[in-house]
> 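Shown below is the structure under consideration.
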4 protein chains.
Amino acid sequence: MVQISNRRSTLVEPSRTRRKADARRRAILKAAASAFRKHGIAATGMREIAEAADLSPANLYYYFESKDELLYFCQDWSLDRMLEAARAVRRGGERPPEQLRQVIRAQLHCMLDELEGSAAHLEVDALSRTLRERIVAKRDRYESAVRRIVEDGIRSRDFARTDATLVTRAILGALNWTARWYRPEGEKTWAAVAATFSDYLVRGLIR
Amino acid sequence: MVQISNRRSTLVEPSRTRRKADARRRAILKAAASAFRKHGIAATGMREIAEAADLSPANLYYYFESKDELLYFCQDWSLDRMLEAARAVRRGGERPPEQLRQVIRAQLHCMLDELEGSAAHLEVDALSRTLRERIVAKRDRYESAVRRIVEDGIRSRDFARTDATLVTRAILGALNWTARWYRPEGEKTWAAVAATFSDYLVRGLIR
Amino acid sequence: MVQISNRRSTLVEPSRTRRKADARRRAILKAAASAFRKHGIAATGMREIAEAADLSPANLYYYFESKDELLYFCQDWSLDRMLEAARAVRRGGERPPEQLRQVIRAQLHCMLDELEGSAAHLEVDALSRTLRERIVAKRDRYESAVRRIVEDGIRSRDFARTDATLVTRAILGALNWTARWYRPEGEKTWAAVAATFSDYLVRGLIR
Amino acid sequence: MVQISNRRSTLVEPSRTRRKADARRRAILKAAASAFRKHGIAATGMREIAEAADLSPANLYYYFESKDELLYFCQDWSLDRMLEAARAVRRGGERPPEQLRQVIRAQLHCMLDELEGSAAHLEVDALSRTLRERIVAKRDRYESAVRRIVEDGIRSRDFARTDATLVTRAILGALNWTARWYRPEGEKTWAAVAATFSDYLVRGLIR
DNA sequence: TATGAATGAGATTTCATTCAT
DNA sequence: TATGAATGAAATCTCATTCAT
């Protein structure tokens, strides 16, 4: 990962203050996520984010150099979590169907539980060119990771022959779209969604 | 349903001029759709839309009273098409699996072919409260139509027992998400996408 | 000269509207110049410039894409005039002392009379990197033009031997600095300044 | 002359701590000067000054009550030095041409050597009304001191008859402008500049 | 139908400055 | 003396929209 700014990068080893500030940044993120859910990420202003995080707008800039950096941090962080989950699943060594089930569950856990339904990691459009490219690259890595499970399954004859790329996108679409309708305070728990989704989306591949 | 404006509403019966203007409106829509695809709907300004449609910004306001109305028209129009397709499918009287296949194909046709990949009909956030509610209501009607096919299938024992609501949302998520990655000039035709998707998404339901 | 923006560049041949807008731009410039004189260029906000030009701040952006472009246009324009004057002088074919006298007069005419004492063309600091480089390059061309007269004079033995670079800078310093103290409504006319300056600054070089 | 603040003025007689703090203030000044040289004084923020002086922004306020006071201190200090030099020269009792040569050299020494090329003492615009007036008054005293030498020279027939006010401003313009182009790390020493300038600028007056 | 010019409201961001420690 | 965190005010700029023609 490349450095974004001199002042505040995840690369330099964390001093006492850095750690404190980073914890604060994470907290701001959560607040931001809930603001995003209300009007969509593009329509959410820095004022609203600041308010959600209980800061003055100016103070928000103490923690993030720009709206761009805030959004980037948001999306980067959740993609990291998802990638890590995908890697863990693959290391687990289960058969492809089970792996796929686990990845689906993991992504929904991250999206619906940890970030409480924020779609932040999907709204690539709101980012500036440079940062967008970086996020898109990471997102592609994640897509590849999922696609590889599908391909493995086809090769191992657990899954029927099909266009792995398209099916992977169908799966990710179903998952990503949850951010649009899922409400943490609603009646379905994230676990219920995960159960039904992993079931349904894997079934469609089984021979 | 209430009229939006005196001068210009899709609800008053069409005079000659109306029809002509409406054709123009449709054309502007297509142009707008391609602009939306570039930066996402929320980040696309009236100026860009005007430019894409080869009009001056001021002139755009001759055809649409506001950005809101334009967006509304856009989303309303494609939802209408999709609803109509769903009704036609149901009238066809096929068994649920085939009905579902047809609906999936129809929606992708509408989204990827007719509107050339514009996601306009999904971005409810960009609309003002009143119009949003109307679109959401229509969208819900469409979701219900699809869900009813799933429920029919479960009842008729073509489909396995499952949470019809969640599965319907998985399906619609997969379909809607295509707007995010599909490029008309890319290598996959919309028909190829439709074939793989309808196959995969129906398979997951079959007993 | 390279294009700054698509919308509004001096490169495209002038249509009717272009010409009108460009006249307006020139007028705004004059207004801006008088605003600059009050607090210095860096401390003059777009609001103040707009007010001086009797426009709303937003409307100012119809004519100039940014403060940067306005400043650039300002400085570029007066440098162009000065360069042209310098070229004309050299074409005149007089002896170096007379050439120098004429260039001094011309620059003061441009600065004190045409722009009414605005120092805009000197405040390179306020520009963004790219535009600054362009202006600095042009300014250097002007400095070279003046220096060449000094060098010619030394070679032709009209002027005493000396460090031509430093003397040129002394001359330009004296001239540029006038923007700091000259007031059009004051008692000295620009012509009086020009007479004394060209006399004094040329005398110092004569053998 | 009025006090600026109770806590911290250059006018109260120096206690031990005062002296120490003043040394520190002088050191900060030097650092600030080098920061000013980069973007011009108006574009240099307190953060940059603090950084240049290796202090935290907050700590900078321990030494200077405000940006205004810092700027004032800066300009006041160098004007004091220049005024003192001018007085010393006059006390020297040399003939006007030599006096003028010495004053020119002294000002360049102060500007280019002691303050390393900072233009701080010229940027009157950046000051608040009250402080500006004070500095302007002092600057006028300096201008008068120089002008008196010119006038003396005219009276003593060392210099040709001319508009002493304008010539003085030409001289000061040439000198002040050096701050704009002189780089301490460049190839010309301040002494070389002083030699050529004093030579050239005095020659122009000699009968 | 068409458009150049204009604008109010609001968005992001900066900056001098302060406060608690 | 020193500083991390905080802030109000203002600056630049954008944008949907309107008006006169």
Side-chain angles (χ1 to χ4, degrees), chain A residues 7 15-18 20-21 24 42-50 54-71 128, chain B residues 17 20-21 24 42-50 54-71 126 128, chain C residues 7-8 15-18 20-21 24 42-50 53-71 128, chain D residues 17 20-21 24 42-50 54-71 126 128:
Chain A
R7 255 178 55 224
S15 66
R16 201 87 39 81
T17 30
R18 169 57 24 75
K20 214 161 70 192
R24 206 92 166 66
T44 304
M46 287 300 258
R47 278 213 215 322
E48 284 157 282
I49 296 173
D54 204 40
L55 279 100
S56 73
N59 196 13
L60 190 49
Y61 282 84
Y62 182 77
Y63 296 100
F64 295 94
E65 269 194 330
S66 63
K67 195 185 185 186
D68 230 44
E69 202 208 318
L70 189 155
L71 258 37
S128 72
Chain B
T17 31
K20 211 164 74 195
R24 202 91 166 72
T44 304
M46 287 300 258
R47 260 169 177 80
E48 281 159 286
I49 296 173
D54 205 39
L55 277 98
S56 71
N59 198 13
L60 188 50
Y61 280 83
Y62 181 79
Y63 296 102
F64 294 95
E65 265 201 331
S66 64
K67 194 186 186 187
D68 230 43
E69 202 210 318
L70 190 155
L71 257 37
S128 71
Chain C
R7 256 178 54 223
R8 200 162 287 285
S15 66
R16 200 86 40 81
T17 29
R18 169 57 27 74
K20 214 162 70 191
R24 206 93 166 67
T44 305
M46 287 301 258
R47 278 215 214 320
E48 283 158 283
I49 296 173
D54 204 40
L55 278 96
S56 72
N59 196 13
L60 189 48
Y61 282 85
Y62 181 76
Y63 295 100
F64 295 94
E65 270 194 329
S66 63
K67 195 185 185 186
D68 232 43
E69 202 208 319
L70 191 156
L71 258 36
S128 73
Chain D
T17 31
K20 211 164 74 194
R24 204 89 168 70
T44 305
M46 287 300 259
R47 259 170 178 79
E48 280 158 287
I49 295 173
D54 206 40
L55 279 101
S56 71
N59 198 12
L60 187 51
Y61 279 84
Y62 180 79
Y63 296 101
F64 294 95
E65 265 200 332
S66 64
K67 195 186 185 186
D68 230 44
E69 201 210 317
L70 190 156
L71 256 38
S128 72

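Scope of the values below: all heavy atoms of this structure, side chains included, with no hydrogens, waters or symmetry mates. Throughout, a chain's letter reflects where its sequence line sits, starting with A, and its residues are numbered from 1.
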> So which atom in D:L71 and which in D:A126 form the shortest heavy-atom distance, rounded to 0.1 Å?
CD2-CB, 3.7 Å
> Kindly compute the distance separating CE (C:M46) from CZ (C:F64), expressed to the nearest 0.5 Å.
8.5 Å
> So what does the secondary structure string of DNA chain E come out as, 5' to 3', with Watson-Crick or wobble pairs under 3.5 angstrom, [ ] for crossing and | for pairs with another strand?
.||||||||||||||||||||
> Mind listing the closest non-hydrogen atom pair of D:A42 and C:A42 along with its distance?
CB-CB, 3.4 Å
> Starting from C1' on E:dT13, measure out to CD1 on A:I49 and report it in whole angstrom.
14 Å
> For a quick check, with a 4.0 angstrom heavy-atom cut-off, what is the B/S/- contact string for nucleotides 16-21 of chain F, read 5' to 3'?
BBBB--
> In whole angstrom, what separates C:E69's CD from F:dC13's C1'?
14 Å
> Given the C1' atoms of F:dA20 and E:dT1, what is the spacing between them in whole Å?
15 Å
> Grab the OH-P distance between A:Y63 and F:dG4 for me, whole Å please.
12 Å
> To the nearest Å, give me how far apart CG (D:L60) and P (F:dT1) are.
14 Å
> Which whole-number value in Å describes the distance from A:L55 CG to F:dG8 P?
12 Å
> How long is the line joining CZ of A:F64 and C1' of E:dT12, in whole Å?
16 Å
> Respond yes when some side-chain nitrogen or oxygen of D:N59 is under 4.0 Å from OP1 or OP2 of F:dT1, and no when none is.
no
> Between C:L55 and C:Y63, is a side chain to side chain contact (heavy atoms under 4.5 Å, CB included) present by the stated rule, with each step listed?
CA-CA 10 Å; C:L55 278 96; C:Y63 295 100; 3.7 Å; yes
> Please give me the minimum heavy-atom distance between B:K67 and B:T44, naming the atom from each residue.
NZ-O, 3.0 Å
> Counting only side-chain N and O atoms of C:Y62, is one of them less than 4.0 Å from OP1 or OP2 of E:dT7?
no
> For C:S128 and C:D68, which heavy atoms make the closest approach, and how far apart are they?
OG-OD2, 2.5 Å
> If you look at every heavy atom in C:P57 and C:R47, which pair is closest and at what distance?
CG-CG, 4.3 Å
> Could you check how far CG of A:D54 sits from C1' of F:dA6, rounded to whole Å?
12 Å
> Give the rounded distance in Å between these two atoms: CD of B:E48 and P of F:dT14.
12 Å
> Counting N and O atoms only, with roles assigned by atom type, does the side chain of C:E69 sit under 3.5 Å from a partner on the main chain of C:E65, one being a donor and the other an acceptor?
yes
